[in-house]
Asker: 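The structure follows.
These figures come from a predicted structure and were not determined experimentally.
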Amino acid sequence: MVVLDAAHGGDDTGGKLSDGQLEKAFNLALSVRLRSLLAARGIQVVTTRESDATVDSVRRAQIANHAIAQACLSLHASETGSGVHLFVSSLAPAQPSRFAAWKTAQAAWVTRSLALAGDLNSALLHASLSVTLGRTSLPAVESMACPAVAVEVAPEAQLSSAPGQPPTAGLDDPAYQARVAEALAAALLEWRSDAARTDADPTDFARPDTPRTEDRNP
Ligand SMILES: [Zn+2]
């Protein structure tokens, strides 16, 4: 189960993108594209919005927590910077407690969220996309009790602009949008198989902040 959270919507337009598009529309289009890629691979998807609707951060977290998601991606776009920015909550990792406080629930999941960001990073790099990793305060994510990463798509980095090559791909480039969505879908498939391995390991207690075992023999 994956939750796709197309950030902004309704009165909250998000940023303005260079082609005149509003960030809220870009985020929704990416959510729709990613949902169909995941559905085609047998991954269940719940979305926080399916239209240009206002959804506050409390409602977004409620949707994610009700879904008992294995991953939540909060989708953003920006003209600032380049490539894909991945943000994990800046809350300090905490032990899970029976009654997680609202607005700090994510603290018990930060370690898993960092692992999810690692899978996303690998898949994006594999698709020759540049990635920036960061930690920040994320209002919608802070109350989510699941691995959650904010994904902010910026224009493609100028990695190898040979003469005659287009220097960058803008956010309005359909091929670039498709590459980003495919890489995110590939990362979530990898995440699912990692989770299956972790679940199958009897020595791995099902604490939400248990780090993934990375050094297992193949
Ligand atoms: Zn945004």
Side-chain angles (χ1 to χ4, degrees), residues 2-8 14-41 43 45 47 69-90 110 112-136 138 140-141 147-195 212 214:
V2 167
V3 171
L4 297 178
D5 173 36
H8 312 290
K16 282 200 171 60
L17 307 181
S18 64
D19 58 349
Q21 198 183 26
L22 295 169
E23 185 197 343
K24 63 177 184 176
F26 180 97
N27 299 342
L28 182 60
L30 179 58
S31 172
V32 168
R33 186 191 285 263
L34 193 48
R35 183 189 59 192
S36 62
L37 289 174
L38 293 172
R41 290 161 174 80
I43 293 181
V45 177
T47 58
Q70 275 75 57
C72 175
L73 300 188
S74 191
L75 305 172
H76 291 261
S78 171
E79 288 293 339
T80 308
S82 61
V84 180
H85 312 150
L86 301 176
F87 293 103
V88 171
S89 165
S90 53
V110 161
R112 293 286 288 156
S113 297
L114 288 167
L116 174 59
D119 273 6
L120 292 164
N121 182 39
S122 301
L124 291 161
L125 291 176
H126 188 71
S128 303
L129 296 157
S130 69
V131 183
T132 310
L133 296 161
R135 305 281 301 272
T136 191
L138 300 161
V141 167
V149 175
V151 178
E152 185 185 65
V153 186
E156 185 166 28
Q158 212 161 344
L159 286 178
S160 59
S161 58
Q165 293 272 335
T168 59
L171 290 173
D172 55 343
D173 180 337
Y176 179 51
Q177 295 169 6
R179 278 172 63 212
V180 171
E182 291 279 359
L184 295 175
L188 290 166
L189 280 177
E190 177 64 23
W191 179 249
R192 179 172 68 173
S193 56
D194 286 354
R212 284 187 304 159
E214 296 279 20

Asker: Quick check against the 3.5 Å criterion: does Arg35 have a side-chain atom that pairs as donor or acceptor with the backbone of Val45?
Answerer: no

Asker: Without swapping roles, check the side chain of Glu79 against the backbone of Ser18 for a donor-acceptor pair under 3.5 Å.
Answerer: yes

Asker: For the side chain of Gln177 and the backbone of Leu171, is there at least one donor-acceptor N/O pair under 3.5 Å apart?
Answerer: yes

Asker: Looking only at atom types and distance, does a side-chain atom of Ser122 sit under 3.5 Å from a main-chain N or O of Gly118, one as donor and one as acceptor?
Answerer: yes

Asker: Between atom OG of Ser74 and atom CG of Leu4, what is the distance when rounded to the nearest 0.5 Å?
Answerer: 10.0 Å

Asker: Measuring from atom NE2 of His8 to atom NE2 of His76, what distance do you get when rounded to the nearest 0.5 angstrom?
Answerer: 5.0 Å

Asker: Output the distance between atom CD (Glu156) and atom OG (Ser82), rounded to the nearest 0.5 Å.
Answerer: 9.0 Å

Asker: Could you report the tightest heavy-atom contact between Ala7 and Asn27, atom names first, then the distance?
Answerer: O-ND2, 3.1 Å

Asker: Give me the atom names and distance for the closest heavy-atom approach of Ala150 to Leu138.
Answerer: CB-CD2, 3.8 Å

Asker: Give me the atom names and distance for the closest heavy-atom approach of Phe87 to Glu152.
Answerer: CE1-OE1, 3.9 Å

Asker: Could you walk me through whether Leu129 and Tyr176 pass side chain to side chain contact (heavy atoms under 4.5 Å, CB included), step by step?
Answerer: CA-CA 9 Å; Leu129 296 157; Tyr176 179 51; 3.4 Å; yes

Asker: List the steps, then state whether side chain to side chain contact (heavy atoms under 4.5 Å, CB included) holds for Leu86 with Val151.
Answerer: CA-CA 5 Å; Leu86 301 176; Val151 178; 3.9 Å; yes

Asker: Show the nearest heavy-atom pair for residues Ala181 and Leu34, with the distance to one decimal.
Answerer: O-CD1, 3.4 Å

Asker: Quick one, Thr80 with His85, criterion side chain to side chain contact (heavy atoms under 4.5 Å, CB included). Give me CA distance, side-chain angles, the key distance, then yes/no.
Answerer: CA-CA 10 Å; Thr80 308; His85 312 150; 5.8 Å; no

Asker: At their closest point, which heavy atom of Ala185 faces which heavy atom of Leu37, and how far apart are they?
Answerer: CB-CB, 4.0 Å

Asker: Please name the pair of heavy atoms, one in Leu124 and one in Val180, separated by the smallest distance, quoted to 0.1 Å.
Answerer: CD2-O, 4.5 Å

Asker: Would you compute the distance between atom CG of Leu116 and atom CG of Leu188 and round it to the nearest 0.5 angstrom?
Answerer: 6.5 Å

Asker: Rounded to the nearest 0.5 Å, how far apart are CG of Leu184 and CZ of Arg33?
Answerer: 11.0 Å

Asker: Could you tell me the separation between the CG atom of Leu73 and the CG atom of Asp5, rounded to the nearest 0.5 Å?
Answerer: 9.5 Å

Asker: Decide side chain to side chain contact (heavy atoms under 4.5 Å, CB included) for Trp191 and Val2; before the verdict, give the C-alpha distance in whole Å, the side-chain angles of both, and the deciding distance to 0.1 Å.
Answerer: CA-CA 10 Å; Trp191 179 249; Val2 167; over 6 Å; no

Asker: Regarding Glu182 and Arg41, does a basic nitrogen lie under 4.0 Å from an acidic carboxylate oxygen?
Answerer: yes

Asker: Using atom types as modelled and distance alone, determine if a side-chain donor or acceptor of Ser113 lies under 3.5 Å from a backbone N or O of Ala148.
Answerer: yes

